[in-house]
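Okay, structure first, notes after.
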Amino acid sequence: MSSEMNRPAEAGQHPEPAAAAALSPASSSHSAPPQPQTLREAVGPTYFPIALIARFPYAMMVVGVLTLVVAARDSISLGGLTSAMVGLGTACFGPLIGAAADRWGQRPVVLAAGVANSLALLLLAWAAYSPLGSWAVLSAAFLIGASAPQVPPMSRSRLVGIITGQLPAARQQKTLNGTMAYESAVDEVAFVFGPLVVGLLAAAMGPAAPIIGAAVLTAIFVTSFALHRTSRAVPHHTEHDAAPAPTRALFSPGLLVVLVGVLGIGLVFGSTLTSLTSFMDDAGHAERAGLAYSAMGVGSAAFALGAALFPTGFSLRARWLSFAALILVGAVGMQIAAAAAEPQLLLLMVALLVIGIGIGPTLVTVFSLVAQRSPQGRSATAMSMATTGIVVGQSAASAITGALAENYGTAVAALVPLLAAGVILVAAVVNWFISRSR
């Protein structure tokens, strides 16, 4: 009888502490939120659309500035020089914006850069048609590049911080690979369709429309990107944190060789678009240059996304070397098409497709290497340096290739993409040996 009386008491002894704990206000108030299992859960549904559209002003700058200045000042040489000034401004101040974000956090830095960039874009739209001399146009273009908000590297830095800090350890590497693939794909979408948006706005509303449109997009979407809750995913350095790595760590051989490869990709972008425009002009279809260029972008974006499916045994150094060689093959095909006695449009389109297939996975690879090799506390700076390399390469190659095309013809201009592909391949070879030693 006593044993039977004890059973309910014994059985009831177990749930009572659990029930009390569950009902305890102190326990419930201090319970941790559930760990997110996917990146989308961690960032929320609005992050990716905002980050995508916020990239477009950055991608529209070089072509938009060129279009506006050539139309307003009737000078191709001034247009090319103005585009180069955008790249120079970005080269001088882009890494500093990344360093400021590492020091004070992304939110205030991106907000300030977005406001300054919107004003600089509007200033150029006014200066281009003003009676002021070329100095005013060039100064405004420099300010545009200097204040570019650096959304792509900021986004990468945020997502890497969220993946490594919030997701389960077992999911981190796979998610990181997929995220770098996605980020490179949307960069491709922006860099390819940004010029297309410029062309459509200029044709429909006038040469100043792309610059004014970029200012409006910056004011709305860059501000939204800055204010998004993920801006705190990469906390800024405080006196209580471990000290960030010294600035000289940004110039380690492993990181520098990747930055050279990124510069080569920017050179490919700028030289390919400009030499393609010259080729299409020779064929009597200059207005179709943007459409032909999209063939490279579509292949690049598709294979950038597909890079997430590569097996882990296909190492980053092997991917870079393999796809850099493919870019070189496409550049050779482009040179053959440009040097032919009659325009070889079909060969050119195939060459552009091959270049795109190589560029997409290469972008994924180099940015994955930047994420791996960023010094402690310098992730935004390293990402900004990499993205700056693309803009600098694009601006410089556009100016150089345009001058060659105007003075020596398309065949000579098409040598620049070939040299740019060589830069990427040489960097890949150097990285092969650096990675092995690491």
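Note that this is a predicted model, so its numbers are computed, not measured.
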Side chains of Ile212 and Leu121 in contact at under 4.5 Å (non-hydrogen atoms)
no
Should the pair Arg40 and Phe48 be classed as cation-pi, given the thresholds of under 6.0 Å to the six-membered ring centre and 45° from the axis?
no
Of all heavy-atom pairs linking Arg55 and Ala190, the shortest is CB-CB, 4.0 Å
Could you go through Leu316 and Gln372, starting from their C-alpha distance and side-chain angles, then the distance that decides it, and tell me whether this counts as side-chain contact (heavy atoms from CB on, under 4.5 Å)?
CA-CA 11 Å; Leu316 291 178; Gln372 286 184 2; 3.4 Å; yes
State, yes or no, whether a side-chain contact exists between Val86 and Phe142 at a heavy-atom distance under 4.5 Å.
no
With a 4.5 Å heavy-atom cut-off, do Arg373 and Leu256 have their side chains touching?
no
Please report the shortest heavy-atom distance between Ala386 and Val370, naming the atom on each side.
CB-CG2, 4.1 Å
Decide yes or no on side-chain contact (heavy atoms from CB on, under 4.5 Å) for Leu217 and Met60, but give the supporting numbers first.
CA-CA 11 Å; Leu217 286 176; Met60 294 165 62; 4.3 Å; yes
Got a second to check how far Ile162's CD1 is from Thr179's OG1, nearest 0.5 Å?
9.5 Å
Whether the Ser155 and Glu183 side chains hold a donor-acceptor pair (N or O, under 3.5 Å, no angle test) is what I'd like checked.
yes
Less than 4.5 Å apart, any side-chain heavy atom of Met154 and any of Pro149?
no
Nearest heavy-atom pair of Ile144 and Leu124: which atoms, and what distance?
CD1-CD2, 3.5 Å
Could you tell me which non-hydrogen atom of Val416 sits nearest to which non-hydrogen atom of Ser271, and how far apart they are?
CG1-CB, 3.4 Å
Donor-acceptor pair, side chain of Ser157 and main chain of Pro153, under 3.5 angstrom:
no
Quick one, Val258 and Trp320 - any side-chain contact, counting heavy atoms below 4.5 Å?
yes
Ser118 (side chain) donor-acceptor with Ala215 (main chain) under 3.5 angstrom:
yes
Could you tell me if the side chain of Pro253 sits less than 4.5 Å from the side chain of Val257, heavy atoms only?
no
Any side-chain to backbone donor/acceptor pair from Thr223 onto Ile220? Under 3.5 Å, distance only.
no
Smallest separation among heavy atoms of Gly270 and Thr274, with atom names:
O-OG1, 2.8 Å
Any donor-acceptor pair under 3.5 Å from Ser147 side chain to Leu143 backbone
yes
Do Arg317 and Leu321 pass the side-chain contact (heavy atoms from CB on, under 4.5 Å) test, and can you show the C-alpha distance, the side-chain angles, and the key distance before you say yes or no?
CA-CA 6 Å; Arg317 65 172 185 161; Leu321 192 60; over 6 Å; no
Would you indicate whether Phe93, at its atom CZ, is surrounded by more than 12 heavy atoms from other residues, nucleotides or ligands within a distance under 6.0 Å?
no
So, does Asn407 use its side chain to make a donor-acceptor pair with the main chain of Ala403 at under 3.5 Å?
yes
Atom pairs and distances, donor-acceptor, side-chain atoms in residues 343-363, under 3.5 Å, two or more places apart:
{"unit_1": "Gln344", "atom_1": "NE2", "unit_2": "Glu342", "atom_2": "O", "d": "3.3"}
{"unit_1": "Thr362", "atom_1": "OG1", "unit_2": "Gly358", "atom_2": "O", "d": "2.6"}

Working to the nearest 0.5 angstrom, can you tell me the gap between Gln150 CD and Thr90 OG1?
6.5 Å
Residue set satisfying side chain to side chain contact (heavy atoms under 4.5 Å, CB included) with Thr410, at least two apart, ordered chain then number -> Ser278, Phe279, Asp282, Ala338
Distance in Å, Ser275 OG paired with Met334 CE, rounded so as to fall on 0.5 Å steps
3.0 Å
Cation-pi check for Tyr47 against Arg158: NZ or CZ below 6.0 Å from the six-membered ring centre and within 45 degrees of the axis, yes or no?
no
Can you measure from CD1 (Ile53) to OG1 (Thr218) and round to the nearest 0.5 angstrom?
12.0 Å
What's the separation between atom CD in Glu41 and atom CG in Leu167, rounded to the nearest 0.5 Å?
9.0 Å
Please tell me if the side chains of Leu68 and Arg73 come closer than 4.5 Å, counting only heavy atoms from C-beta onward.
no
Within this structure, what is the CD1-CE distance for the pair Ile327 and Met296, rounded to the nearest 0.5 Å?
9.0 Å
Less than 6.0 Å separating the ring centroids of Phe323 and Phe303?
no
What residues, two or more places apart in sequence or in another chain, satisfy side chain to side chain donor-acceptor pair (under 3.5 Å) together with Gln173?
Asn177
Does atom CZ (Phe314) have a neighbourhood of more than 12 heavy atoms from anything else shown, all under 6.0 Å?
yes
Please report the shortest heavy-atom distance between Ala226 and Val110, naming the atom on each side.
CB-CG1, 3.6 Å
pair Val65-Met85: side-chain heavy atoms closer than 4.5 Å
no
Could you go through the side-chain contact (heavy atoms from CB on, under 4.5 Å) check for Leu418 and Leu328 one step at a time?
CA-CA 7 Å; Leu418 193 61; Leu328 184 63; 4.0 Å; yes
